[in-house]
Number of protein chains: 2
Amino acid sequence: MAHPPTLKQLRYLCAVAEQKHFGNAAKLCNISQSTLSAAITELEENLGVSLIERSNKRVLLTPTGEQITDLSHTILSEVDDLMAVCKASQEPFSGSMRLGVIPTIAPFLLPKLLNRLRKQHPKFRLFIKEDLSKNLVDSLHKGELDVLCLALPYPVEGAESCHLFYDEFLLAYQNNKQMDALESVGTKDLRGQELLLLEDGHCLREHALEACKLRTSDISIPYQATSLNTIVQMVANDIGMTLLPKMSIDAKILSGTKIKTKPFIEKRVRRAIGLTWRKKNPRREEFQQLATFIQDFYL
Amino acid sequence: MAHPPTLKQLRYLCAVAEQKHFGNAAKLCNISQSTLSAAITELEENLGVSLIERSNKRVLLTPTGEQITDLSHTILSEVDDLMAVCKASQEPFSGSMRLGVIPTIAPFLLPKLLNRLRKQHPKFRLFIKEDLSKNLVDSLHKGELDVLCLALPYPVEGAESCHLFYDEFLLAYQNNKQMDALESVGTKDLRGQELLLLEDGHCLREHALEACKLRTSDISIPYQATSLNTIVQMVANDIGMTLLPKMSIDAKILSGTKIKTKPFIEKRVRRAIGLTWRKKNPRREEFQQLATFIQDFYL
DNA sequence: GATGTGCCATCGAAAAAACCGATTGTCAAA
DNA sequence: TTTGACAATCGGTTTTTTCGATGGCACATC
């Protein structure tokens, strides 16, 4: 009695909690249903609590069961981290990692990154999730992702970041005599203008305005697009002008269009790109190595 | 290959890391030396890294070994928490808990608390450590303590607190015509006076001064004592006056002396007493129950 | 340089456990 | 009432764990 649980038991518990079905959970764990059933029973005996309510029609968790399942998840993911640390220490870039990237970075950074990783570190498995910063941060906290590539600053509780590089904003337009006439463009020239921007939720929106020291009230925003490519198409059809991050231009987002770009005369009209991870995550070293790898080809 | 470690293996690893000696570590784990040796070897094979450098003269950890030992410690303590949650859920106040208490609270709260706990919850095992706030917080973070009883506010990273009760400060002196003459004492009357206070490191010092809206420069501190009892002895020998928390007076710290006390006319000349624990600790419910238990007899 | 001592690794056997397939028991739907 | 779906239980087999004994190594002692 009062035996500590084994990791195996905790894994089985999580499987049952997920499947709500002993047979399916057993398959998931590659064991027989009888073994699973016995294991759960033993776990409950050892812990002295009932975790799962079984009826032959449905399986559900007791309140304590929910709580223990949550704890088991964090314990198991820490064990995973432990193994990842070992793998990385025996050979860097040989394990796997789950990276979240925002939509205004992903298409411009990933092709090159994944390509180089495959060539230089073929053993390294990088899983990518592309989503808005907010959702990525949620996934990070849930333990579904290990590290995020975000535009910083972005507030993430209990997290640690490292800077990768700066990404300048350029003014992009097609036909605009007013802009053509200007020797050089300053952010002040944007006041009162119409700007095509991404819809709410994309941090690029706020970062671009902030970098230009603009408030929403300083400009008018006629349309909110869901992707930079859409915006580029609109600019190419002379619907308005916009701010584009340099990395998107480097990635040839403008190819096939007659869109002109102008840098701003001010310095630091830019966003910062960085990596972010849970402060508690023991794989910090690997993240730093990944950061260096990105900088090596991006800078 | 690439088998996940078992909790048993992690426990054994921690034991070896602690003892730096296979034989002793084996005794600690109640297993034979051969079993321990084999287990560590297997762990290293499964993880694919060398964790321990063995020579027949001394055992020491590789850098990765250090890292993995740290991770193992946190994992194991989370498993302990998991078991504690189960124990508490099958019957409140039936497990064990490690409580840190500061020296200006411990002697006045613990006798009553421990006594009542023993009577009402005989199965509950409360381990006490008495130390300065700073050291308790260190122990909390290291996982050596589960919960602290502190005077709040006290900054603790990644922690959560709950308020227990307020503890008034009273002026304590023996012979002092100036104070006798006053109808009522205000904190302003302390300016320029000599006050006996605890030495640096005791948060009572800062909390008392702050409650009286005094700075160190507003008064003179002729002597710094190591305990409230020392201060009381000094006051009883007419060396000066001091500020005493009401809970110490309730606990009869003045018995056998002729020391007089006067409350301040201002309200809120007091410190707040509360419980603090790691935000991540899943035993929050138990801590809240303990808080309620304390309030039930203290309020 | 022989001997002893302390230490960890290894070996083989015995004990313990984990696991499986088959079966049973239970409940609800048909 | 029968059937079907599901989890629990049983008995036997395989795998794992554990132990005591032994081996081998490095150092200290004489």
Side-chain angles (χ1 to χ4, degrees), chain A residues 1-62 64-66 68-69 72 76 79, chain B residues 1-62 64-66 68-69 72 76 79:
Chain A
M1 290 288 139
H3 279 281
T6 67
L7 288 175
K8 213 183 292 191
Q9 289 170 335
L10 300 187
R11 256 185 286 274
Y12 294 169
L13 172 65
C14 289
V16 174
E18 186 190 316
Q19 299 288 323
K20 312 264 190 237
H21 186 294
F22 276 67
N24 296 348
K27 260 175 224 156
L28 205 70
C29 299
N30 296 312
I31 53 170
S32 71
Q33 175 265 320
S34 63
T35 301
L36 179 62
S37 177
I40 296 288
T41 306
E42 199 197 339
L43 177 62
E44 287 180 310
E45 272 171 18
N46 287 340
L47 293 179
V49 285
S50 156
L51 299 170
I52 296 180
E53 276 180 36
R54 293 92 146 157
S55 79
N56 40 9
K57 221 51 226 165
R58 86 176 98 270
V59 167
L60 41 94
L61 295 175
T62 64
T64 314
E66 293 271 9
I68 297 305
T69 306
S72 301
L76 292 172
V79 172
Chain B
M1 289 284 143
H3 279 282
T6 67
L7 288 175
K8 214 182 293 187
Q9 289 170 334
L10 300 187
R11 257 185 287 274
Y12 295 168
L13 172 65
C14 289
V16 174
E18 185 190 319
Q19 300 287 324
K20 311 262 190 239
H21 187 293
F22 277 67
N24 296 347
K27 261 177 221 153
L28 205 72
C29 300
N30 295 312
I31 53 170
S32 70
Q33 175 266 321
S34 62
T35 301
L36 179 63
S37 177
I40 297 287
T41 306
E42 200 196 338
L43 177 62
E44 286 180 312
E45 273 171 17
N46 287 341
L47 293 179
V49 287
S50 155
L51 300 169
I52 296 181
E53 276 180 36
R54 295 94 145 154
S55 80
N56 37 10
K57 217 54 224 163
R58 88 176 98 266
V59 166
L60 42 92
L61 295 176
T62 64
T64 314
E66 294 270 10
I68 299 304
T69 306
S72 301
L76 292 171
V79 172

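Note on naming: letters A, B, ... go to the chains in the order of the sequence lines (proteins, then strands), and numbering restarts at 1 for each one. Computation of the quantities below employed the complete heavy-atom set of this structure, encompassing side-chain atoms and omitting hydrogens, waters and symmetry-equivalent molecules.
- Rounded to whole angstrom, the span from the CG atom of B/Leu7 across to the P atom of C/dA17 amounts to 17 Å.
- Closest to the B/His21 side chain, of the nucleotides D/dA8, C/dC7, D/dT18, is C/dC7.
- The two residues A/Ser72 and A/Cys14 come nearest to each other via the heavy atoms CB-SG, 3.7 Å.
- The distance between atom CG of B/Asn30 and atom C1' of D/dC19, rounded to the nearest whole Å, is 14 Å.
- Toward the 5′ end of DNA chain C lies the nearest nucleotide of B/Ala38, the other residue of the pair B/Ala38 and A/Lys8 mapping further downstream.
- With rounding to whole Å, B/Glu42 atom CD is found 9 Å from D/dT17 atom C1'.
- Checking C/dA18, C/dA9, D/dT9 against the side-chain heavy atoms of B/Phe22 singles out C/dA9 as nearest.
- Across the protein-nucleic acid pair, B/Ile31 atom CD1 and C/dA16 atom P stand 16 Å apart, rounded to whole Å.
- Contact of B/Ser34 with D/dG20 (side chain to base): a donor-acceptor pair of N or O atoms is detected under 3.5 Å.
- Computed from coordinates, the A/Gln19 CD to D/dC6 P distance equals 12 Å when rounded to whole Å.
- No donor-acceptor distance shorter than 3.5 angstrom exists from the side chain of B/Gln9 to the backbone of B/Glu42, with no hydrogens or angles considered.
- Counting to the nearest Å, the C1' atom of D/dC25 and the CD atom of B/Glu53 are 17 Å from each other.
- Among the protein residues, B/Leu36 comes within range of no part of the nucleic acid, since none of its heavy atoms lies under 4.0 Å from any strand.
- The CD1 atom of A/Ile40 sits 15 Å away from the C1' atom of C/dC19 (whole-angstrom rounding).
- A residue-by-residue look at A/Gln33 and A/Thr6 shows that A/Thr6 has its nearest nucleotide of DNA chain C further toward the 5' end.
- A heavy-atom distance below 4.5 Å is found between the side chains of B/Val79 and A/Pro5.
- Using a 4.0 Å cut-off, no side-chain N or O of B/Tyr12 falls inside it from OP1 or OP2 of D/dT17.
- Summarising the geometry, the separation between NE2 on B/His3 and C1' on C/dA18 is reported as 14 Å, rounded to the nearest angstrom.
- In this structure, the nucleotide among D/dC19, C/dC7, C/dA9 sitting nearest to the side chain of B/Ser37 is C/dA9.
- Listed candidates were C/dG21, C/dA9, D/dC6. Nearest to the side chain of B/Arg54 is C/dA9.
- Using a 4.0 Å heavy-atom criterion, one finds that A/Asn24 contacts no nucleic acid atom at all.
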Exercise. Going through the checks in order, is the side-chain hydrogen bond (donor to acceptor under 3.5 Å, both in side chains) test met by A/Thr62 and A/Thr64?
Worked result: CA-CA 5 Å; A/Thr62 64; A/Thr64 314; 4.6 Å; no

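- Between D/dA7, D/dG20, C/dC20, one nucleotide has an atom nearer to the side chain of B/Ser32 than all others, and that is D/dG20.
- In this structure, the side chain of B/Glu44 engages the main chain of B/Leu51 through a donor-acceptor pair within 3.5 Å.
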